[in-house]
S.K.: 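Take a look at the following structure, please.
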2 protein chains.
Amino acid sequence: MASRTIENYLKQIYLSRPADETQWLTMGKLSAAVGVTPGTATSMVRAISDAHLVEYEPRAGVRLTPAGEQLALHVLRRHRLIELLLVQVLGLDWSEVHDDAEELEHVVSDRLLAKIDEILQHPAFDPHGDPIPTAGGVVRRQDCCTLLDCPLGEPTSIARILDQSAEFLQYVNQCGLLPGAEIRVASRNHQAQTVELMVIKSDENQLVAMSFSVAEKFLVQLNERKK
Amino acid sequence: MASRTIENYLKQIYLSRPADETQWLTMGKLSAAVGVTPGTATSMVRAISDAHLVEYEPRAGVRLTPAGEQLALHVLRRHRLIELLLVQVLGLDWSEVHDDAEELEHVVSDRLLAKIDEILQHPAFDPHGDPIPTAGGVVRRQDCCTLLDCPLGEPTSIARILDQSAEFLQYVNQCGLLPGAEIRVASRNHQAQTVELMVIKSDENQLVAMSFSVAEKFLVQLNERKK
DNA sequence: CAATTAACTTTGATAAGACAAAGTTAATTA
DNA sequence: TAATTAACTTTGTCTTATCAAAGTTAATTG
């Protein structure tokens, strides 16, 4: 079995992988994501490569093998199911569950995870809108775009928050922009680098403004979202 | 903070400590309990002793300091609250929760533990009848005796199972001897080294026989048990 | 195209935690 | 009391994971 350290590296390699699948993840980005010095990342990646979980090309970077990706997705599945459990069953605030899940994801047994999955009725998304890989290691594709490139004026809803830091999620809470929230993007100002959007609530609507860099952290859905 | 290894040593020192508080726990027993070679136990105990969590007397053994005992009780509190959560909320069988709890006890944050405690409504006992130390590190005394030395003929009930192995607990399940079960000890045969007892069920009673060595693993209550 | 620089790798050292095997104590037996 | 033995400690080595600092590559810039 892969150590918790290796599980962490694989997860970060997966999460930080470049959009273009032919590209390598550079060691600089990986070491930053894992939180170790570049030299440490190099030697760990060499070891993980010996176990055929990643391909490593010196001075180019690192890339998951199919086996490594499966392992990464299992870790991610654990992480996201646990987050949902903490929110839905234990009643923790969704802005606070990330750190606990980060630890728990490495110790929860398959048996326990199956039970959690069952209790939550095989959910497809975690509290931040991140897709939960299936037990078979398949990620359902989400048809999403960010608040920067979605159509203006059309009613849509928040699907996913990409920044999981507690502070940011508390801001998201205040704005009422949690996954599922109904919104309409009112305008974009390229000079001011801001987006204005309407949050549609049952009682009253609310206008929210944010910078482009923040708007990028919100994904909105294009098609109907299942479950 | 104490490492997970140290937490484990402290927990085992607590659980294996001799009944007489002036006695030392020998290194042989400790190494067996932790599952390491004697030499490893010696060097770890030296390190833990440097941190003032235990007293160590070469060739005599080891004993918790007040600080070490508090830490041990916190680990035990986590373990037992987690076991109860897994049984009551996640619906796992009580014979299967020990191993998961063994891992989870080292990673659950104080915040999460407080939430678990709240959801379970501040329980006093885990599924095996083991007392859950309070957040302040106090263990409620149980007034118990084993099936070997409790009075004959009197109605009483099972309070606690001392053997937590899955196989044994499955046997306990079959006999219907879980904590809370109403029983009456019918007879003891010192020649055959067996105890016979009546398990009082709503529909019908059942006679169960077991050896002295197994009877010792059951504690029955003397006074009324709270909560 | 030489000099600079950013990114990466290598090297050497360290800490935690473990084992095997050799060495030591102290109790038991003869 | 000498020999034996069980229990414990010491010593040396290993693995995993880390850092700091020195060395290397390759891209950028003047």
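To find a chain, count down the sequence lines: A is the first, B the second, and so on, and within it residues start at 1. Computed from a prediction, not measured in an experiment: that's the story for all the values here.
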S.K.: Whole Å only: how far is the CD1 atom of I48(B) from the C1' atom of dA18(C)?
M.R.: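 Answer to the nearest Å: 14 Å.
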S.K.: Which listed nucleotide (dA18(C), dC19(D), dA20(C)) is nearest to the side chain of T37(B)?
M.R.: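 For the T37(B) side chain, the nearest candidate turns out to be dA20(C).
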S.K.: Does the pair E7(A)/R78(A) count as a salt bridge with the N-to-O cut at 4.0 Å?
M.R.: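 Result for this pair is yes, salt bridge flagged.
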S.K.: Give me the one residue out of R80(B), R4(B), K11(B) that meets side-chain hydrogen bond (donor to acceptor under 3.5 Å, both in side chains) with E105(B).
M.R.: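 Looking at R80(B), R4(B), K11(B), the match for E105(B) under the side-chain hydrogen bond (donor to acceptor under 3.5 Å, both in side chains) is K11(B).
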S.K.: May I have the distance from Y56(A) (atom OH) to dT10(C) (atom C1'), rounded to whole angstrom?
M.R.: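 In whole Å, dT10(C) C1' and Y56(A) OH are 10 Å from each other.
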S.K.: Reckon T26(A) touches a base, only the sugar-phosphate, or nothing at all at heavy-atom distances under 4.0 Å?
M.R.: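 T26(A): backbone/sugar contact only, no base atoms under 4.0 Å.
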S.K.: Counting the atoms with a prime plus P, OP1 and OP2 as sugar-phosphate, which does T40(A) contact under 4.0 Å by heavy atoms, base, sugar-phosphate, or nothing?
M.R.: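 Result for T40(A) = base.
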S.K.: Quick one: pull up CD1 in I132(B) and CG in L73(B) and give me the separation to the nearest 0.5 Å.
M.R.: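 One gets 12.5 Å once the value is rounded to the nearest 0.5 Å.
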S.K.: Is the phosphate of dT18(D), meaning OP1 or OP2, less than 4.0 Å from a side-chain N or O of Y9(A)?
M.R.: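 So the side-chain polar atoms of Y9(A) do come within 4.0 Å of the phosphate oxygens OP1 or OP2 of dT18(D), strictly under.
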S.K.: Let me know the distance between CE of M27(B) and C1' of dT24(C), rounded to the nearest Å.
M.R.: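 Those two atoms, CE and C1', are 15 Å apart.
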S.K.: In whole angstrom, what separates L10(A)'s CG from dA17(D)'s C1'?
M.R.: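 From L10(A) CG to dA17(D) C1': 15 Å.
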S.K.: What's the CZ-P distance between R46(A) and dT11(C), to the nearest Å?
M.R.: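 After rounding, the gap between these two atoms is 10 Å.
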S.K.: Given E96(B) and K115(A), is the salt bridge (Lys or Arg N to Asp or Glu O under 4.0 Å) satisfied, shown in steps?
M.R.: CA-CA 12 Å; E96(B) 303 182 324; K115(A) 208 77 189 182; over 6 Å; no
S.K.: If I take atom CZ in residue R59(B) and atom P in nucleotide dT9(D), what distance separates them, rounded to the nearest angstrom?
M.R.: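 Distance, rounded to whole Å: 6 Å.
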S.K.: I need the CG-P distance between D50(B) and dA15(C), as an integer number of Å.
M.R.: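 Nearest whole value for this atom pair: 14 Å.
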S.K.: dG17(C), dT9(C), dT18(D): which one has an atom nearest the side-chain heavy atoms of P38(A)?
M.R.: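 Selected nucleotide: dT9(C).
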S.K.: Between G61(B) and V36(A), just flag the one whose closest nucleotide in DNA chain D comes earlier from the 5' side.
M.R.: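 By nearest-heavy-atom nucleotide position, the 5'-most residue is G61(B).
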S.K.: With sugar-phosphate meaning primed atoms plus P, OP1 and OP2, does S3(B) contact a base, only sugar-phosphate, or nothing at under 4.0 Å between heavy atoms?
M.R.: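 The residue S3(B) makes sugar-phosphate contact but no base contact.
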S.K.: Out of H106(B), H98(B), H128(B), which residue meets the ring-ring contact (aromatic ring centres under 6.0 Å, His included) rule with H79(B)?
M.R.: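 Considering H106(B), H98(B), H128(B), a ring-ring contact (aromatic ring centres under 6.0 Å, His included) with H79(B) is found only for H98(B).
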S.K.: Heavy atoms only, 4.0 Å cut-off, all strands: where does G28(B) land among base, sugar-phosphate and nothing?
M.R.: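 Sugar-phosphate, no base atom in range.
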S.K.: When you get a sec, tell me which of dT18(D), dT9(C), dT10(D) is the closest nucleotide to the side chain of M44(A)?
M.R.: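 For the M44(A) side chain, the nearest candidate turns out to be dT18(D).
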S.K.: Just the rounded figure in Å: distance from C1' of dA17(D) to CD1 of I6(A).
M.R.: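 Atom CD1 in I6(A) sits about 10 Å away from atom C1' in dA17(D).
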